[in-house]
Amino acid sequence: MAAEAASGGGVVKHILLAKFKDEVTPERLDQLIRGYAALVNVVPSMKAFHWYISFSPTPASLAATIPCRILALLPYRWLLNGTPARGTDVSIENMHQGFTHVFESTFESTEGIKDYIEHPEHVKFANEFLAALEKTLIIDYKPTAVN
C-alpha cells in the first residue's frame with residue numbers, strides 16, 4: 001500500500017467548490033454543468049463525476065430563480081453511466097462560506113489528474129468554466145479507509 005501511495009496509484013478524488021458570478025444565468029449554469037459532466041466521456045482517466053448544490057433551497061426560491069426545465073437536474077449528481085442519484089446538502093451548520101456548488105471527479109491515480117488537467121478538452125472547458133466563477137477552491141486527495 002505504501003508503494004502504491006508513493007507511486008501515485010490508487011483512486012484520487014478531485015473536489016472543486018464553486019461560487020458562480022451573480023450574472024451567470026440559470027441557463028448558462030445548466031450549460032456549464034453539462035459541459036463539466038461531459039468530460040467524463042472524453043478524458044480517459046476521469047472515471048466518475050458528481051455534483052451537488054451546497055444549500056437546500058426551498059421550492060419557492062427555486063421557482064423564482066431557475067426555469068422549470070432544470071429543476072429536475074439541480075439536486076442530481078451525474079455518474080459515469082449517466083444514472084442520476086440525489087445529492088443535496090443536508091448540513092445544519094451553514095458553514096459553506098458562500099460556495100454554492102460542489103463538483104467531485106474520481107480518477108484512477110494522481111497521474112490521471114495530471115492527464116485530465118492537460119487534456120485539450122479540459123483546458124478548453126476550464127477556460128470557459130473558470131471565467132464564470134466568483135471564487136473556487138480545488139482539493140485533490142486519496143480517500144483513506146479507517147477500520
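Please read these numbers as outputs of a predicted model, since none were measured by experiment.
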Problem set entry | K114 NZ: over 12 foreign heavy atoms closer than 6.0 Å | no

For this session: Return the minimal non-hydrogen interatomic distance between A132 and V24, and the atom names on each side.
Result: O-CG2, 3.5 Å

Problem set entry | Distance-only side-chain donor-acceptor flag, R34 / Q31, under 3.5 Å | no

For this session: Determine whether F129 and V123 fall in the same hydrophobic cluster, where Ile, Leu, Val, Met, Phe, Trp and Tyr are linked whenever their side-chain heavy atoms lie under 4.5 Å apart.
Result: no

For this session: Could you tell me the separation between the NE2 atom of H50 and the OG atom of S105, rounded to the nearest 0.5 Å?
Result: 9.0 Å

Exercise. F20 and H101: aromatic ring centres closer than 6.0 Å?
Worked result: yes

Exercise. Is a side-chain donor-acceptor pair under 3.5 Å present for T106 with K13?
Worked result: yes

For this session: Grab the two heavy atoms, one from G112 and one from S45, that are nearest each other, plus how far apart they are.
Result: O-OG, 2.7 Å

Problem set entry | Nearest-0.5 Å distance, CD of residue E104 to CD1 of residue I15 | 4.0 Å

Seminar exercise, completed: Scanning both residues in full, the closest heavy-atom pair of L133 with A18 reads CD2-CB, 3.6 Å

For this session: Hey, could you give me the CG/OG1 distance between D115 and T110, rounded to the nearest 0.5 Å?
Result: 9.5 Å

Exercise. Is the H14 ring parallel, tilted or perpendicular to the F107 ring (thresholds 30°, 60°)?
Worked result: perpendicular

Exercise. Between R28 and E128, what is the shortest heavy-atom contact and its length?
Worked result: NH2-OE2, 2.6 Å

Problem set entry | Spatial distance of atom CZ (F103) from atom CG (L32) [nearest 0.5 Å] | 8.0 Å

For this session: Using the six-membered ring wherever Trp is involved, compare the ring planes of F125 and Y36 and label them parallel, tilted or perpendicular (cut-offs 30° and 60°).
Result: tilted

Exercise. Sub-3.5 Å donor-acceptor pair from the side chain of K19 to the main-chain atoms of Q97, do we have one?
Worked result: no

Exercise. Checking side chain to side chain contact (heavy atoms under 4.5 Å, CB included) against L17, which of T136, V102, I138 comes through?
Worked result: V102

For this session: Quick one: pull up NZ in K124 and CD in E121 and give me the separation to the nearest 0.5 Å.
Result: 5.5 Å

